[in-house]
Structures are given as C-alpha cells and as structure tokens.
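Atoms within each ligand, like the ligands themselves, are counted from 1 in listed order. Hydrogens, waters and symmetry mates are skipped; everything else that's a heavy atom, side chains included, is used. For reference, positions follow the sequence shown, starting with 1.
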Amino acid sequence: MVLDNLGTSLKDALRKIANSGKIDKEVIDEVVKDIQRAMIQADVNVRLVMKLSNQIKHRALTEAPPPGMNSKEHVLRIVYTELVNIVGKATPIALQSQTIMMVGLQGSGKTTTTAKIARYFARKGLKPAVICADTYRPGAYDQLKQLCDKLGVAFYGESENKDAVAIVKKGLQETSKYDIRIVDTAGRHALETDLIQEMKDVYNLTKFDHKLLVLDAAIGQQASEQAKAFNDAIGITGVVITKLDGTAKGGGALSAVSDTNTSIAFIGLGETPDDLERFDPDGFISRLLGMGDLKALVERANEVLQKDDVNVEKMMQGRFTLNDMYDQLEAINKMGPLKQIMSMLPLGGLGGASITDDMYKMTQDKLKGYKVIMDSMTSAERDDPKLIGSSRIARISLGAGKSAEDVRELLKYHKMMQKAMKGMKGGAAPGGKVNMQKMMKQMGMK
Ligand code: GDP
Ligand code: MG
C-alpha cells in the first residue's frame with residue numbers, strides 16, 4: 001500500500017482509541033499528538049496539520065455522538081472525515097468522449113500517465129487515441145508509440161516533425177473518430193516562457209475538456225507551488241500525482257494540491273499501465289486506515305466481470321469452494337495486478353494479519369498449475385476441500401504431476417481466500433457500500 005508508514009502510524013493511533021477505557025481529553029490529546037507526528041513525517045504542511053488537529057480536538061470534545069453510535073466510534077468517524085477533508089475532493093472525470101491535454105515538467109511521468117489514462121478509458125469501454133506532441137525530448141515519440149502498441153491503443157505522431165502545434169492539429173483530425181483523445185506534451189526542467197507559449201498554442205487548437213498537470217509525488221509540498229504556477233499559466237482542470245509508490249512523503253503532494261484551488265484526478269502507483277487509480281478521497285483514507293475499500297473493489301470488479309464471469313455479491317456470500325476460488329482467481333487476473341486488489345480488501349477480513357508477499361505472487365503460471373491440480377481432484381473434493389487429507393494429497397499430486405507441497409499450497413491459499421471472503425461479507429452493506437461501523441468492529445475498534 002502507498003504511504004505505508006503513514007498508514008501504520010495512523011492505525012496505531014486509532015487503536016489507542018479502541019483500547020482506551022473511556023474517551024476523555026487526555027486520550028484525545030494523545031491520539032491527536034500521534035496523528036500530528038504521523039502527518040508531519042509524511043510531509044504534510046504544518047499549518048494543515050495544526051488545522052486538522054484543532055478540528056479533531058474541537059469536534060471530539062464538543063460534539064455529542066449521534067444516536068446509535070458510541071463515543072469511540074464517534075471519535076473514529078471524526079478522525080476519518082477530517083482526514084478525508086485534508087486530501088480534498090477528486091477532479092470529476094466524466095466517462096464520455098473528451099479531449100485531454102497532459103502537461104508537466106520533464107520526468108514527472110506525463111508519457112507513462114498518458115498511456116495509463118488511455119488504458120483506464122479503454123477498460124471503461126471507451127475508445128482512446130494518443131497524440132505525441134513532445135518534439136523536444138529525444139526518444140519521446142518512440143517511448144509513447146511503443147507503450148501504445150503494447151496496449152493496442154491508437155497512436156498519432158510524426159517522428160521527423162519538430163512543430164508540435166502542427167502535429168497536434170493534424171493528429172486531432174486523424175483521431176476524430178475516437179472517444180478519448182489524449183495529447184502528451186513536452187516538459188522542461190522548469191516552467192519556462194517557451195514551454196508556456198507552446199502549451200497555449202496547443203490548447204488553443206481545440207476546446208480541451210481537461211488539462212491535467214502531472215506532478216511527481218517526491219516533490220512533496222512543492223506540489224502546491226507547481227500547481228499554482230501551471231494553473232496561472234494555462235488553467236489546469238486537475239492534477240495527477242505520480243510515483244506515490246516510491247515515496248513516504250506523498251502526503252505532502254496530496255494535501256498540498258487540495259490546498260490550492262485545483263484537485264486530484266488520478267494517482268500513479270507504479271510503472272506499469274495498470275498502476276493508475278482514480279483519486280477517491282474516501283477510499284484512499286479508508287485504505288490508509290486499514291479499512292479496505294470495498295467500493296473500489298466492487299467497482300473495478302464490475303468493469304471486468306460483466307455477464308456470467310463471477311458475481312461479486314455471490315462471491316462474498318455463502319460457501320466458498322475451490323471451484324469458486326478458481327473462477328475468482330481467473331477474474332482477478334483479468335482485473336489487474338493482484339497486489340492492487342488485495343490492498344483493497346479490508347484488513348479485518350484477513351483477521352488483522354497483513355497480506356504476505358506470497359499472496360501477491362499469484363501469476364498466470366500459478367493459476368495454470370492450480371488448474372492442473374484441481375483437475376486431479378474429484379468434484380466432491382473441489383466442492384468441499386476439507387475432505388482432502390494427506391492420502392488424498394498424495395493421490396492428487398501424483399495425478400497432477402505436482403509435488404504434495406504444491407497441493408498443500410493451493411489448499412492453504414484457498415483457506416486464506418475463504419477467510420478474506422468471510423470478512424468482506426461482514427463488511428459490505430447492501431449495494432456494495434462500506435459499512436464503516438461494522439468494519440471498525442471487525443478491526444477490534446469498537
Ligand atoms: P515525462 O518526462 O513526464 O513524460 O515522464 P515519463 O512518463 O517518461 O516518466 C519518467 C519516469 O518515471 C519513467 O521511468 C517512468 O517509468 C516513471 N514513472 C512514471 N509514473 C510512475 C509511477 O506512478 N510510479 C513509478 N514508480 N514510476 C513512475
Ligand atoms: Mg514524456
């Protein structure tokens with residue numbers, strides 16, 4: 001998970017509330033101090049941290065818990081909502097035809113993010129095309145073209161032409177039949193006059209629905225300065241914070257942007273085209289606090305699991321057989337990196353244990369191996385894996401040409417998933433919404 005350290009410290013602070021005998025000023029002061037320390041370590045601006053702590057203190061000590069909520073739940077909810085406030089609102093991005101211009105300094109991640117966003121819309125069923133307007137950096141054309149080719153995304157560029165404006169003009173004509181048109185522009189080391197002029201000339205070519213500024217999370221609080229500068233120069237509609245996977249200081253960039261009059265549209269969490277997420281303040285904070293984000297999981301699942309693949313609701317209910325697990329692994333595989341999906345599961349579902357690296361290493365190969373093993377089982381065994389003792393393991397491994405160890409691993413994995421599914425069932429309210437109170441109870445936070 002992104003911002004691991006911050007998440008761990010916040011979880012520790014919240015546990016203090018859960019474990020305290022009763023909520024009084026002393027407990028609140030201590031927890032607020034812990035939260036302050038955690039936020040400052042994540043590079044959040046001191047002024048914002050003070051504002052946040054005062055809000056939490058004030059509300060926790062003056063507001064009465066709403067009916068049906070005890071004082072601990074009430075304080076937890078206050079901390080949660082105030083944390084959501086500090087990261088602000090997300091930039092609205094409609095799922096409809098639109099043109100998008102990507103801007104930002106060199107190396108911030110524009111080109112990578114261009115490909116990621118194209119993939120994001122393709123997954124939503126819209127047809128994307130990408131236009132390369134970076135005629136400044138050598139190799140820019142090849143980099144973007146290769147990314148697009150790999151993803152099967154339409155690409156327009158002119159490798160020999162240095163006139164970015166002319167290329168975009170032609171590119172927009174050539175790609176007029178596509179739903180989503182994304183223009184990847186050149187960056188410089190700083191926001192210089194010629195860069196501003198080029199951006200202006202490009203965006204004057206058409207009415208762009210979005211001008212997204214790409215910022216590297218590692219710049220921390222400077223994000224606010226850059227967002228302001230780009231906004232003043234060309235008027236941006238939203239920000240993408242990249243490389244959140246690579247820094248413990250990401251809290252700085254996240255909170256700094258929301259403190260300007262712009263907002264965050266997407267966050268980048270890695271180098272592959274799937275490592276992009278719509279920024280969702282609620283989901284982000286609940287994951288940070290270890291409550292999982294069922295909303296994001298269910299949303300993402302529904303995108304891929306159209307029709308008869310796997311019914312997510314059903315998956316969370318009832319028995320979870322080996323057959324179910326296989327269907328589900330296949331589906332998850334389609335959804336993207338397992339790591340991302342797993343980080344969306346509520347921690348409570350795994351009995352509070354953190355997800356081990358082993359669980360992340362679920363690859364296509366492994367799936368194939370599992371399939372072979374499962375083919376050697378009887379249908380009764382697949383339906384009720386508890387039947388499988390050591391003599392059956394020996395028979396199955398022999399039949400599948402795998403080791404007994406492999407079979408045990410599969411069974412162990414199934415058990416883990418079964419446990420996780422049970423947790424999800426408890427945490428999901430009707431309609432896939434996250435039931436905060438219930439989830440906190442599961443975490444032992446009541
Ligand atoms: P541009 O100059 O703004 O177009 O930046 P690029 O898209 O070429 O990216 C610069 C470097 O950052 C490349 O090595 C990318 O792989 C890397 N990068 C971009 N986004 C992310 C991200 O979200 N996480 C990580 N870890 N690396 C990223
Ligand atoms: Mg680039």
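Contacts with ligand 1 closer than 4.0 Å are made by backbone heavy atoms (N, CA, C, O) of Leu105 only, the side chain lying farther away. By the criterion of a heavy-atom distance under 4.0 Å, both the backbone and the side chain of Thr111 are placed next to ligand 1. Under 4.0 angstrom from ligand 1, the non-hydrogen atoms of Lys116 all belong to its side chain.
Proximity annotation for atom 2 (O) of ligand 1: of Met102, Arg137, Gln143, Lys243, Arg137 comes nearest, heavy atoms only.
At least one heavy atom of Ser108 sits less than 4.0 Å from an atom of ligand 1. Contact annotation: Gly270 has at least one heavy atom less than 4.0 Å from an atom of ligand 1. In this structure, Val214 falls outside the shell of residues with a heavy atom less than 4.0 angstrom from ligand 1.
The 12-atom threshold is exceeded at CZ of Phe208, counting heavy atoms of other residues, nucleotides or ligands nearer than 6.0 Å. The environment of Lys51 atom NZ is sparse: at most 12 non-hydrogen atoms of other residues, nucleotides or ligands sit within 6.0 angstrom.
Applying the side-chain contact (heavy atoms from CB on, under 4.5 Å) test between Ile267 and each of Val239, Val240, Leu254 identifies Leu254 as the sole match. Under the side-chain contact (heavy atoms from CB on, under 4.5 Å) test applied with Pro273, the options Leu151, Thr113, Ile117, Thr112 reduce to a single match, Leu151.
Note on ring orientation: taking the six-membered ring where Trp is involved, the planes of Tyr141 and Phe155 are perpendicular (angle over 60°, cut-offs 30° and 60°).
Arg59 is listed as a side-chain neighbour of Thr81, based on a closest heavy-atom distance under 4.5 Å.
For the Mg ion (ligand 2), the count of nearby protein N/O/S atoms, taking only those under 2.8 Å, is 1.
Close approach to Leu269 involves these atoms of ligand 1, each under 4.0 Å from a residue heavy atom: 23 (O). Heavy-atom contacts of Thr112 reach the following atoms of ligand 1: 6 (P), 7 (O), 9 (O), 15 (C), 19 (C) (cutoff under 4.0 Å). For ligand 1, the atoms lying closer than 4.0 Å to a non-hydrogen atom of Gly268 are 23 (O).
Between Lys110 and ligand 1, a contact under 3.5 Å exists for at least one N or O pair.
Side-chain N or O atoms of Ser255 include none that pairs as donor or acceptor with a backbone N or O of Ile86 at under 3.5 Å.
Protein heavy atom closest to atom 26 (N) of ligand 1, with residue, atom name and distance, is Asp245 OD2, 2.7 Å. Atom 10 (C) of ligand 1 has as its closest protein heavy atom Gly107 O, 3.7 Å. Among all non-hydrogen protein atoms, the one lying nearest atom 5 (O) of ligand 1 is Gly109 N, 3.0 Å. For atom 16 (O) of ligand 1, the closest non-hydrogen atom of the protein is Glu271 OE1, 2.8 Å.
Shown here for Pro128 and Ala118, the closest heavy-atom pair between the two residues is CG-O, 3.3 Å.
Here ring-ring contact (aromatic ring centres under 6.0 Å, His included) pairs that include residues 230-264, with residues two or more places apart or in two chains, number zero.
Annotation: cation-pi pair Arg278/Tyr120 absent, no NZ/CZ under 6.0 Å from the ring centroid and within 45° of its normal. With a 6.0 Å cutoff to the six-membered ring centre and a 45° limit on the axis angle, Lys116 does not count as a cation-pi contact of Phe266.
Shown here are the side-chain hydrogen bond (donor to acceptor under 3.5 Å, both in side chains) partners of Thr237, two or more places apart in sequence or in another chain: His210. Every residue meeting the side chain to side chain contact (heavy atoms under 4.5 Å, CB included) condition with Thr111, not counting sequence neighbours, appears here in chain and number order: Gln143, Leu144, Leu147, Asp184.
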